[in-house]
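Reading through the structure tokens given below for one structure.
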2 protein chains.
Amino acid sequence: MDIIEYLKTNAELIDTALNKYIPPEDEYPDIIHRAMRYSVFNGGKRIRPILSLAAYETVGCKKEAAPLADGSPLAKGAHLAEDTLRAACAIELIHAYSLVHDDLPALDNDDLRRGRPSCHKKYGEAMAILAGDALLTHAFYLISKGKNPEQNNRISEDISYAASTFGMIGGQVVDILSENKQPDAPVLQYIHTHKTGALICASVKIGCILGGGTEKELAVMTKYGELIGLAFQIKDDILEVEGGKGKIKNSDMEKLKLTYLSVYGIKESKYQVSQLIHKAINLLDEFGGSNTPLYKIAEFIGNREY
Amino acid sequence: MDIIEYLKTNAELIDTALNKYIPPEDEYPDIIHRAMRYSVFNGGKRIRPILSLAAYETVGCKKEAAPLADGSPLAKGAHLAEDTLRAACAIELIHAYSLVHDDLPALDNDDLRRGRPSCHKKYGEAMAILAGDALLTHAFYLISKGKNPEQNNRISEDISYAASTFGMIGGQVVDILSENKQPDAPVLQYIHTHKTGALICASVKIGCILGGGTEKELAVMTKYGELIGLAFQIKDDILEVEGGKGKIKNSDMEKLKLTYLSVYGIKESKYQVSQLIHKAINLLDEFGGSNTPLYKIAEFIGNREY
């Protein structure tokens, strides 16, 4: 399978779904819906929701002992496809809200996001705060609309925990507290596993749950999610310095944020990424091995240049 | 029944539950949990969660054709009591988050909340933004922990809608847009029914749902919730000017916010409150009439001096 093609096809699938699930721009009060859409449709890679689709596909396909159909993750198990897409979009909304609030002057104070004015530069601070709030709120509304209320509830529990002070917000808090402090390896580990890792891991988990994965499969997927979540963030730190495509944002360097590079240096950071990816793909033997989306996505995370 | 005693007893019940459901102050990262608790335990009246308990009690007691036990709303239907208390607390967390974000410099810029420094004055803007986010997120986590997943899902749907851009956030957005504009009755109506009314109405609804109310009962309760929700906000506008107890906040006047008084004047505003309360209590005949908590709470909202 061609991973670049797979990511592109699925990002389009997610974008189409997001467009359907987010209130239209002309819905009253329109400014907030415009701000929400502006913050979501910003050329993001959609890596989190794609992980949900890939985990869903992997678990489901294994059950039916059928080969994976490249680029069509939702061809099988169509009755669950809509719910999976909806939950995957909810994850993306939470990711988008976290970026809108992160960019605010009181936090990272970033004027640009992917080369465009950040939400508060475009719509003002008040609307950016409310747009973030609205995206977070809408994520839980979306989840509640799935066909299976029991499953919705489980997903709501997993996602709210991953986004909480024991997950993403906790990582963000410690990140702020560590600014301009001496590099500290355990604190850094906490930030990376929580700020980015928790939601990436939840993305994999909910795909597995919706795909009907067993508790044992879920445990493996969770481990996989933790490994690639951490690798993703270390890779982000590396790209921040090596200036990968689209990385205009540099507030992290200005504020002397704690990064993998400041603690371990670039060589060791790169080695750690490769080790994490290696461990993650080793978990996938029972799920079809090297020609599966989760395998290729892990490799992509390790190798990505943007 | 003595409404003041009823409100006091139930506010204590809610406070005890909130204390149990919000992460402790010393839980890492502790600053965010301190900020969350600071924003929730601020001497609030707990009118929203009390409405949930009262609606739950009313519907449940009617079913059992038993008299209401003053001051002990959870004496009956004990198996549902915990879930109701949890959902009621979730509503209060959402109310608390909305106040934290409302007080921010980019929004109402209020330094004081109930006579104490507002969250951002105490913990800084970054932590206040994140504490608001965390309270909202935690509300949905709490809801997911109820014993009946199907019911949790319905409550999550209702609350997320009430708090969304079609409810509370929508009201807040239009409130901001209307600052320093000419008074406009339809816009004012939208702001009041959405910014405050939607969540108050949802509080009544979820109590009714958890109490096992029929769809017909739910329709009556929803109407009741809409009426008292609007009355509550008009009364707030009146107290803002007449300077009721604890109303130190006056940013609304400084910014020339759209209020009932600016559109209708004080006499007509007071008349409208009494009419709304009158309509609300007229709906309660089939629920036990004038000696029930919902009746007394409606009266209290109309008469309150703080």
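Throughout, a chain's letter reflects where its sequence line sits, starting with A, and its residues are numbered from 1.
- Taking both residues in full, the closest heavy atoms of A:Pro29 and B:Tyr190 are given as CD-OH, 3.5 Å, listed atom of the first, atom of the second, then distance.
- Side chain of B:Asn153 to backbone of A:Ser144: a donor-acceptor contact under 3.5 angstrom is found.
- Interatomic distance, CG of A:Leu107 versus CD1 of B:Ile129, reported as 5.0 Å (0.5 Å rounding).
- With a 4.5 Å cut-off on side-chain heavy atoms, A:Asp133 and B:Tyr97 count as touching.
- Counting only heavy atoms from C-beta outward, the side chains of B:Lys145 and A:Glu157 approach each other to under 4.5 Å.
- Contacts of B:Ile94 with chain A are absent, with no heavy-atom separation under 4.5 Å from either backbone or side chain.
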Passes side-chain contact (heavy atoms from CB on, under 4.5 Å), B:Ile176 versus A:Met127? Steps please. CA-CA 9 Å; B:Ile176 291 170; A:Met127 285 304 149; 4.2 Å; yes
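- Aromatic pair B:His138/A:Phe166: centroids not less than 6.0 angstrom apart.
- Of the atoms belonging to B:Ile155, not a single heavy atom falls under 4.5 Å from chain A.
- Side-chain contact between A:Tyr28 and B:Val174: present, with at least one pair of heavy atoms (C-beta onward) separated by less than 4.5 Å.
- Using a 4.5 Å cut-off between heavy atoms, B:His120 does not touch chain A at all.
- Taking the six-membered ring for Trp and thresholds of 30 and 60 degrees, B:Tyr161 and A:Tyr141 have ring planes inclined between 30 and 60 degrees apart.
- B:Asn148 is not listed as a side-chain neighbour of A:Glu150, based on a closest heavy-atom distance of 4.5 Å or more.
- In this structure, chain A has heavy atoms under 4.5 Å from both the backbone and the side chain of B:Leu130.
- Separation of atoms CG (A:Leu136) and OG1 (B:Thr137) is listed at 4.5 Å; rounding is to 0.5 Å.
- Among all heavy-atom pairs drawn from A:Ala106 and B:Ala126, the shortest one is O-CB, 3.4 Å.
- Interface remark: A:Leu104 contributes side-chain atoms only to the contact with chain B (heavy atom separation under 4.5 Å).
- Checked options A:Ile32, A:Leu135, A:Asp30; the residue passing with B:Thr165 is A:Ile32 (criterion: side chain to side chain contact (heavy atoms under 4.5 Å, CB included)).
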